[in-house]
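To start, the structure itself, in structure tokens.
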Amino acid sequence: MGPDENREVPFEEGETVMRVAVENGIDGITGDCGGGCACATCHVYIDEAWIDRVGVPEPDSTEACMIEVAPADPKPTSRLGCQIVLNAALDGLVVEVPEGQ
């Protein structure tokens with residue numbers, strides 16, 4: 001999968017963006033800590049159209065610290081995929097894997 005390629009992947013409610021990405025072989029998302037908010041290897045940028053939607057809460061202090069040390073430049077829309085729990089309201093959520101991750 002190239003850096004400019006878009007993919008739509010299935011998910012079950014309750015799964016995280018990180019888990020769905022790993023299960024579907026999305027390049028750049030490895031989830032090294034297994035979803036413990038301890039490594040930033042699932043750093044994503046939430047599409048601007050989705051950032052204020054229900055189900056995408058602001059990062060807590062632990063997540064914010066991990067985003068700051070992520071290998072790719074953090075943006076205001078940066079999140080860790082392990083902290084975004086998917087539900088029906090997030091069907092169609094668009095995220096971007098940062099370049100160089």
Side-chain angles (χ1 to χ4, degrees):
M1 184 170 130
D4 294 326
E5 185 177 338
N6 294 321
R7 286 189 49 197
E8 186 173 319
V9 295
F11 71 90
E12 297 290 327
E13 286 199 35
E15 290 184 300
T16 63
V17 167
M18 183 271 307
R19 179 68 47 216
V20 170
V22 169
E23 289 173 357
N24 287 280
I26 303 297
D27 291 338
I29 305 275
T30 58
D32 290 345
C33 72
C37 196
C39 70
T41 60
C42 62
H43 177 214
V44 295
Y45 302 133
I46 303 292
D47 185 271
E48 291 281 341
W50 284 88
I51 200 64
D52 292 327
R53 297 227 183 157
V54 174
V56 185
E58 289 289 318
D60 66 17
S61 60
T62 302
E63 182 180 0
C65 287
M66 292 310 305
I67 289 169
E68 286 180 27
V69 299
D73 291 331
K75 293 181 178 182
T77 60
S78 287
R79 290 301 308 274
L80 297 183
C82 67
Q83 300 302 296
I84 302 170
V85 179
L86 296 166
N87 58 49
L90 293 178
D91 190 10
L93 175 68
V94 177
V95 301
E96 177 185 349
V97 177
E99 191 173 322
Q101 182 164 295

Can you list the residues that meet the side chain to side chain donor-acceptor pair (under 3.5 Å) rule with T16, with sequence neighbours excluded?
-> none
Determine whether L90 and L80 fall in the same hydrophobic cluster, where Ile, Leu, Val, Met, Phe, Trp and Tyr are linked whenever their side-chain heavy atoms lie under 4.5 Å apart.
-> no
Output the distance between atom CD1 (I46) and atom NZ (K75), rounded to the nearest 0.5 Å.
-> 12.0 Å
Hydrophobic cluster identity match, W50 and I26, side-chain contacts under 4.5 Å | yes
ILVMFWY cluster, V95 and M66 together (side-chain gap under 4.5 Å) = no
C82 to C42 - nearest heavy-atom pair and separation = N-SG, 3.3 Å
So CD of E96 and OG of S78: to nearest 0.5 Å the spacing works out to 10.0 Å
For residues V44 and I29, report the shortest heavy-atom separation together with the two atoms involved.
-> CG1-CD1, 3.5 Å
Contacts of V20 meeting side-chain contact (heavy atoms from CB on, under 4.5 Å) (sequence neighbours excluded), chain-then-number -> V9, F11, E15, N24, L86
Enter the distance from I67:CD1 to D73:CG here, rounded to the nearest 0.5 Å.
-> 13.0 Å
Any residue meeting ring-ring contact (aromatic ring centres under 6.0 Å, His included) with Y45, in chain and number order, not counting sequence neighbours | H43
Where at least one partner belongs to residues 56-67, residue pairs that pass salt bridge (Lys or Arg N to Asp or Glu O under 4.0 Å), sequence neighbours excluded = E63-R79
Among all residues two or more places apart in sequence or in another chain, which pass the side chain to side chain donor-acceptor pair (under 3.5 Å) test with Q83?
-> none
Return all side-chain donor-acceptor pairs below 3.5 angstrom for residues 31-41, not counting sequence neighbours, or 'none' if the list is empty.
from: D32; atom 1: OD1; to: T30; atom 2: OG1; distance (Å): 3.0
from: T41; atom 1: OG1; to: T30; atom 2: OG1; distance (Å): 3.3
from: T41; atom 1: OG1; to: G31; atom 2: N; distance (Å): 3.1
from: T41; atom 1: OG1; to: D32; atom 2: N; distance (Å): 2.8

